[in-house]
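Here's the structure, in structure tokens; my notes come after.
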Amino acid sequence: MAQWVITIEDFLGGLCPSFWTTDYPSYGRKNMAGKAQAIDLTDPSGICQGMGKTLLTNGTSFAIPIRFLDKTVEAGELSKTYGIGGDKLFQITHNYSTGETTIVSNDTFPRTISGASGEDVCLYQNKLYYSYNTSSAGCLGVYDLGTSFNDTFQTNLEAGVCHRMIRGGNDFLYIANGNLVASYDGDNDIFTRDDLDLPNNHEIVDLIWLDNWLYILTNYPRGTTRRDQKISSSVFVWDTNSPSWTEEWHFEEKLTAFYFLNGILYVFGEHSDRSFIGQLSGRRIEPLFYFPERVPKWYQISNYKGFVIWVGGSNIYAFGTSDNRVPTAFFPIMVASGNHTINSVACPFGFPIFNENSGDNYKNQKSHQYETNAFWKSLLVNIMGNGRNGMIDEVRVDFEPLQSGNKLIVRLINNKGEELWTGTIDYSTDGEITSKFFSMAIKTENFRIELDWSQNSPSVPLKVKSINILGHTLK
């Protein structure tokens with residue numbers, strides 16, 4: 001008989017590689033999860049349930065997928081930002097005294113833009129610019145942040161293409177325009193619809209300004225027939241003064257968005273029917289983590305507590321670290337309501353706001369308290385000895401002092417989905433303890449341990465710090 005112990009001292013492994021390909025993954029580091037939902041690893045001292053959610057005021061009043069500006073336009077006790085969706089331009093406010101976040105509904109907002117399909121909003125020279133498509137053209141509108149709107153500021157952009165906008169470090173506004181980069185020089189009131197002309201079969205999907213260069217991300221078809229045609233990508237690097245780009249980097253993958261954070265240029269893309277977040281270093285992409293949902297676009301990416309967050313189906317994922325001396329982690333930090341899909345996310349007020357829907361049922365929500373639909377499931381562990389079975393003798397869970405409302409369900413499950421054992425950590429019966437031992441004698445070939453916060457109070461976090469499972473092999 002040989003004794004064994006499995007210790008999970010931190011949970012910073014996050015989700016294991018290819019976590020979605022099997023119900024009971026067993027590969028990866030022991031502190032990785034085989035499955036997880038709505039967990040928070042932004043604090044390296046332990047794992048707790050991820051952010052809960054609550055409706056914005058007027059959050060169900062508009063059956064439209066809204067894209068939010070990811071910054072405050074007017075800061076103060078009552079801060080403001082904006083969003084666009086369908087034929088509507090929205091104002092969103094947050095009152096830091098009351099905590100209320102509101103989609104404004106008054107005589108001014110939401111503003112109806114005739115015939116529009118809204119795309120993007122951008123703050124430039126103390127005015128709000130908004131881009132949209134109509135049936136015949138791409139257009140720009142402008143709002144002076146007071147009382148004046150001009151919905152037809154520009155009406156000669158390409159129709160039916162992405163019109164992503166950014167403010168350049170040279171104080172120009174740049175607009176994606178099919179295979180063209182349009183620009184607006186606000187100081188001299190000069191608009192140029194084709195400031196840079198890229199190859200005809202390319203369509204711009206994102207723009208970013210870094211170190212006095214404009215980086216332009218494009219998609220283009222590759223392949224000679226419909227059967228073998230795939231979408232590939234290029235990154236064009238342009239100094240914004242020369243008549244042509246300086247460099248072009250080709251990538252076989254379909255890339256959809258940039259994101260720059262903590263000195264790293266992240267890129268999102270697809271490879272072999274998987275989506276990924278990667279790091280772009282010159283002509284090379286280093287994939288960091290893969291995930292199964294559709295790859296995000298620019299309006300589906302933000303940052304929270306120094307972590308990149310993005311939309312993945314019904315989840316909001318997070319990647320990063322709270323400190324450069326702590327390993328990076330990849331984990332799902334939020335989950336949508338029921339069977340909803342999340343359409344966009346932003347953190348203009350320091351916390352996530354997002355738009356989700358199921359059919360015509362749209363909700364605009366924000367993070368609030370803690371999620372109860374949260375769980376963490378370890379990798380599958382094989383404990384067979386020379387015979388078919390091993391024995392689990394004891395489970396110990398360490399956590400921060402329990403508070404009123406704390407309750408955690410702990411389970412052992414085998415790879416047949418059979419529940420081997422269930423234990424409960426509950427403030428109402430255990431008091432303010434920080435550790436709990438469970439003795440047992442469970443014969444099994446394999447197991448995984450699961451943490452379930454479904455009966456915990458949404459207002460009180462329960463942070464687990466470590467887990468120890470002790471057992472022995474059977475001859």
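What you see below is based on every heavy atom in this structure, not just the backbone, and it leaves out hydrogens, waters and symmetry mates.
Ring geometry for Phe330 versus Tyr317: interplanar angle of 30 to 60°, hence tilted.
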Open item on the list: Working note: Lys80 + Thr93, criterion side chain to side chain donor-acceptor pair (under 3.5 Å); need CA distance, chi angles, decisive distance, verdict.
Closed with: CA-CA 4 Å; Lys80 298 177 183 178; Thr93 63; over 6 Å; no

TODO: Could you go through the side-chain contact (heavy atoms from CB on, under 4.5 Å) check for Ile333 and Thr42 one step at a time?
DONE: CA-CA 9 Å; Ile333 194 170; Thr42 60; 4.1 Å; yes

- [ ] Apply side-chain contact (heavy atoms from CB on, under 4.5 Å) to Leu280 and Leu255, showing your working.
- [x] CA-CA 11 Å; Leu280 184 62; Leu255 307 178; 5.8 Å; no

Task: Evaluation steps, side chain to side chain donor-acceptor pair (under 3.5 Å), between Ser97 and Glu77 - done: CA-CA 7 Å; Ser97 295; Glu77 182 178 338; 2.5 Å; yes

- [ ] Take Leu196 and Tyr174, measure what side-chain contact (heavy atoms from CB on, under 4.5 Å) needs, and give me the verdict at the end.
- [x] CA-CA 10 Å; Leu196 182 68; Tyr174 291 100; over 6 Å; no

TODO: Begin from the C-alpha positions of His94 and Ser79 and carry the test side chain to side chain donor-acceptor pair (under 3.5 Å) through to its verdict.
DONE: CA-CA 5 Å; His94 179 69; Ser79 290; over 6 Å; no

TODO: Assess whether side chain to side chain donor-acceptor pair (under 3.5 Å) is satisfied between Asp426 and Ser428, documenting all intermediate values.
DONE: CA-CA 5 Å; Asp426 188 347; Ser428 66; 2.8 Å; yes

- [ ] Please test Asn343 against Tyr299 for side-chain contact (heavy atoms from CB on, under 4.5 Å), starting from the C-alpha separation and ending with a verdict.
- [x] CA-CA 9 Å; Asn343 301 307; Tyr299 52 88; 5.9 Å; no

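The two residues Phe90 and Ile103 come nearest to each other via the heavy atoms CD2-CG2, 3.7 Å. The minimum heavy-atom distance linking Ala36 with Ala33 is given by the pair CB-CB, 4.2 Å. The shortest heavy-atom contact between Tyr130 and Leu128 is CD2-O, 3.9 Å. Contact between Asp323 and Thr321 at its shortest, heavy atoms only, is O-OG1, 2.6 Å. When all heavy atoms are compared, the tightest approach of Asn177 to Leu157 is OD1-CB, 3.5 Å. Scanning all heavy atoms of the two residues, the minimum distance from Asn355 to Asn364 falls at ND2-OD1, 2.9 Å.
Listed by first and then second residue, the salt bridge (Lys or Arg N to Asp or Glu O under 4.0 Å) pairs that reach into residues 39-60 are Asp43-Lys463, Lys53-Glu371, sequence neighbours excluded. Pairs engaging residues 97-125 under the ring-ring contact (aromatic ring centres under 6.0 Å, His included) rule: Tyr82-Phe109, Phe109-Tyr143, Phe109-Phe149, Tyr124-Tyr129 [sequence neighbours left out]. Sorted by first and then second residue, the salt bridge (Lys or Arg N to Asp or Glu O under 4.0 Å) pairs with a member in residues 98-122 read Arg111-Asp151, Asp120-Arg164; sequence neighbours excluded. Screening residues 355-377 for ring-ring contact (aromatic ring centres under 6.0 Å, His included) gives Phe11-Trp376 as the qualifying pairs, with residues at least two apart or on separate chains.
Judged by distance alone, the side chain of Trp453 and the main-chain N or O of Leu462 form a donor-acceptor pair under 3.5 Å. At distances below 3.5 Å, not a single donor-acceptor pair connects side-chain atoms of Asn133 with backbone N or O atoms of Ala159. One N or O on the side chain of Ser457 and one on the backbone of Ser459 form a donor-acceptor pair closer than 3.5 Å. With Thr372 contributing its side chain and Ser454 its backbone, the two residues share no donor-acceptor pair below 3.5 Å.
Not counting sequence neighbours, the partners of Asp171 by the salt bridge (Lys or Arg N to Asp or Glu O under 4.0 Å) test are Arg167. For Arg411, the salt bridge (Lys or Arg N to Asp or Glu O under 4.0 Å) partners at least two apart in sequence or on another chain are Glu419, Asp452.
A donor atom on one side chain and an acceptor atom on the other are not found under 3.5 Å apart for Tyr184 and Gln154. The closest side-chain donor-acceptor pair between Ser302 and Asp70 falls under 3.5 angstrom. Of the N and O atoms on the side chains of Ser281 and Glu286, not one donor lies less than 3.5 Å from an acceptor on the other residue.
Between Arg193 and Glu158, at least one side-chain N (NZ, or NE/NH1/NH2) sits under 4.0 Å from a carboxylate O, which counts as a salt bridge.
For an aromatic pair to be called close, the ring centres must be under 6.0 Å apart, and His271 with Phe276 fails this.
With Trp310 as reference, Phe291 is the one residue of Phe291, Phe319, Tyr259 to meet the ring pair (Phe, Tyr, Trp, His ring centres under 6.0 Å) rule. When the options Thr256, Asn219, Thr218 are evaluated for a side-chain hydrogen bond (donor to acceptor under 3.5 Å, both in side chains) with Ser233, the one that passes is Asn219.
For the atom pair CD1 (Ile425) and CG (Leu408), the distance works out to 5.0 Å, reported to the nearest 0.5 Å. In this structure, Asn339 CG and Asn361 CG are separated by 8.5 Å, a value rounded to the nearest 0.5 Å.
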